[in-house]
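Below, chains carry the letters A, B, ... as their sequence lines are ordered, and counting in each starts from 1.
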Amino acid sequence: MAPHPLDILSVDEVNNARSIVKSLHPEHKLFFREIYLDEPAKAQLTKYLEAEHAGHDTPLVSRQALSQYDVLDGKGGVQSHESIVDLASGKRLHHTIVPEEHHASLSL
Amino acid sequence: MVIEPWPYGGLAADEENNRYFQGLLFGRDTRLNNPDSNFYAFPLPLIPVMNARTREIIRIDRLPTGGDQDHLQDQTHSANILDHCKAADYVPELLPQGPRNSLKALNVVQPDGPSFNVAGGLVEWEQWRFRVGFNPREGATIHDVWFHGRSVMYRLSISEMTVPYADPRSPFPRKQAFDFGDGSIGHATNNLKLGCDCLGVIKYFDGVLIDSDGKATSAPNVICLHEQDNGIGWKHTNWRTQRAVVTRNRELVVQFIITLANYEYVFAYKFDLSGGITIETRATGIVSVVNIDPGKTSQYGNVVSPGALAQNHQHIFCVRMDPAIDGFNNTVLVEESHPVPFGPKNPAGNLYEVRKEPVEKSRWIDAASRHNRVIKLVNESRSNPISGRPVGYKFTPADTQLLLAQPESGQARRALFAQHHVWVTKYLDRELYAGGRYPLQSKREIGGVGDAVQRADDVKNTDVVVWSVFGLTHNPRVEDWPVM
């Protein structure tokens, strides 16, 4: 059964996101901080929820993962990245390099 | 020696923007042979600071240990820094008199099972229907909340919190945690099967976290769901017949607990039988203490154990509410009750007036309990057929103390959200964090509610978001030690 758009990413989905992100940075070592569901945009999710509440067929909502990770250049340089990937297509939808003035959140 | 890693805190204006971490140091009495003996009772006045990239210790901050007579002076302590400290254990096996054994059993039994139904993330209970989510930034989140077949909320979450310490002696001005935004709420979230305080039938939700290689790991039991009885719901007695009718106030609780080093915070979303939602936060665990010279007292806190000064601090929380009252276009009304002077409209002087003002543009609002200021989230297109007034939900912003640090201080610049009780903004996808996306080591709050209201968006009868700020000014008591 397809996950609900608000279900958290499953273990398989998280691992899938990881693979996609690694494939986007093939030359570099990555240090992952977090990978979790990128909640659907409200305009899209509300349509799904309306259909769900009305008992109608629900539209397809893509499962997207937000990954927060560091890219290590191998020479001591570190850059914090955030990528949002579409789990079905394996494509990256958004890519941010966290500006130097900010610090990516800590991880235990 | 125990090293407690902490975020570095706010960078000073002239400090180089490197990524640092610091370690708070404590001694642990190994003679007790118990890994859970309370090392917080033995604080050491040193903080090593590490450059997180190079992994080098770049300096060791020496902490002041003086009392009132020493003001901002440091290096007042003697060489035997822990001699005057005293053990303060909380684990049952180390309590000198043993644990309390006088309480008789109190059993919560649900012989017919719980009244809730859970399927995946969907929860149904007593005409409530909503979804539970989890992410490592916000912990448990609540979505698509409906009551009696009517829409109430699109999303509820704990958006951020800040814990600024008020000790002016270097290096303490940078001691300020943003326990959600700093990171790692995911790993800080307790597995609630180990020591959950919930009674009765409990449903647990699991989360999924990752290791540093990005591989998924299960985080079991990070959220618990249960019912509880919370006293009388309503009661009326017909005094003529002496017939009393009483109902119970049964609540559904969705709860998660985070441990940040010494402190614990319990967050509970509670749903009641009359359509009310309560969001409760509780602080427990162990207060943060620093070393103080024997025999001294300090205006910067309270000595809670010999040699251990618990510094004054605040805990300020922000809950984000994305209302969907009978639909997504809502209006925020500020309602107050005011006295009215004597006059033709008020010949006996007993009249008071209820005034309602819609919020037109994004802005902040402060609590005002003396005016009974209440915030209403209404749908202007739907009227209650009985009262004729727009349907809505209301909350009273708690008139708790806001951030005390000076507005131009580093602590205040980093936490604009903590300076007002209510923020009203126009919905924007992914605008979820009251203190901004990157509070770790920030110099100021960027991309939080402070910036959001600067947009001065029209927020009347539209997709509006309301942020509620409340907190505790914690001037510790001896009785807060060793656990609160």
#### Entry: Sidechain-backbone polar pair: B:Asn135 side chain, A:Leu37 backbone, donor-acceptor under 3.5 Å
no
### Message
Are there over 12 heavy-atom neighbours, none belonging to B:Arg150, within less than 6.0 Å of that residue's CZ?
### Response
no
## Note on the structure
Cut-off 4.5 Å, heavy atoms of chain A, and the answer for B:Tyr154 is side chain
## Note on the structure
Checked A:Arg18, A:His102, A:Lys42 vs chain B; the most non-hydrogen pairs under 4.5 Å come from A:Lys42
### Task
Answer with side chain, backbone, both or neither: which region of B:Asp322 has an atom nearer than 4.5 Å to a non-hydrogen atom of chain A?
side chain
### Message
Working note: B:Phe21 + A:Leu106, criterion side chain to side chain contact (heavy atoms under 4.5 Å, CB included); need CA distance, chi angles, decisive distance, verdict.
### Response
CA-CA 10 Å; B:Phe21 281 99; A:Leu106 66 90; 3.7 Å; yes
### Query
Where does B:Phe178 contact chain A at under 4.5 Å (heavy atoms): side chain, backbone, both or neither?
neither
### Summary
Of A:Leu45, A:Ile35, A:Leu66, the largest count of non-hydrogen pairs under 4.5 angstrom with chain B goes to A:Ile35
### Message
I'd like to know if B:Arg430 pairs up with A:Glu82 as an ion pair, taking the criterion as any Lys NZ or Arg NE/NH1/NH2 lying under 4.0 Å from an Asp or Glu carboxylate oxygen.
### Response
no
### Task
Tell me, with the steps shown, if A:Lys22 and B:Asp213 meet salt bridge (charged side-chain N to carboxylate O under 4.0 Å, His left out).
CA-CA 10 Å; A:Lys22 285 181 88 114; B:Asp213 191 27; 3.1 Å; yes
### Message
At a heavy-atom distance under 4.5 Å, which candidate from A:Gln68, A:Glu101, A:Glu39 has the highest pair count against chain B?
### Response
A:Glu39
### Query
Looking only at heavy atoms, what is the nearest atom pair of A:Asn15 and B:Gly214, with distance?
OD1-O, 4.1 Å
### Query
Do A:Val11 and B:Lys215 come close enough that some side-chain heavy atom pair is under 4.5 Å?
no
### Message
I need the B:Arg437 CZ to A:Thr96 OG1 distance, nearest 0.5 Å.
### Response
7.5 Å
### Task
Show your reasoning for whether side chain to side chain contact (heavy atoms under 4.5 Å, CB included) applies to B:Ser212 and A:Phe32.
CA-CA 5 Å; B:Ser212 58; A:Phe32 283 88; 5.7 Å; no
## Note on the structure
Ranked by heavy-atom pairs below 4.5 Å to chain A, first place among B:Phe328, B:Trp146, B:Phe205 goes to B:Trp146
### Task
Would you sort out whether B:Arg131 and A:His4 count as a side chain to side chain donor-acceptor pair (under 3.5 Å), showing the intermediate values?
CA-CA 10 Å; B:Arg131 290 191 178 270; A:His4 188 278; 3.1 Å; yes
### Task
Would you mind checking which part of B:Ile446 comes under 4.5 Å of any heavy atom in chain A, side chain (CB onward), backbone (N, CA, C, O), both or neither?
side chain
### Least distance between heavy atoms, A:Ser105 atom then B:Gly183 atom
CB-CA, 3.6 Å
### Message
Which atoms of B:Asp463 are under 4.5 Å from chain A, going by heavy atoms: the side chain, the backbone, both sets, or neither?
### Response
side chain
### Query
Distance from B:Ile210 atom CD1 to A:Leu9 atom CG, nearest 0.5 Å?
11.0 Å
### Message
Out of A:Asp70, A:Asp38, A:Asp12, A:Leu30, return the one with the most heavy atom pairs under 4.5 angstrom to chain B.
### Response
A:Asp38
### Summary
Distance col, row B:Asp206:CG vs A:Ser10:OG, nearest 0.5 angstrom, shows 12.5 Å
### Task
With rounding to the nearest 0.5 Å, note down the distance linking CZ in B:Arg19 to NE2 in A:His103.
7.0 Å
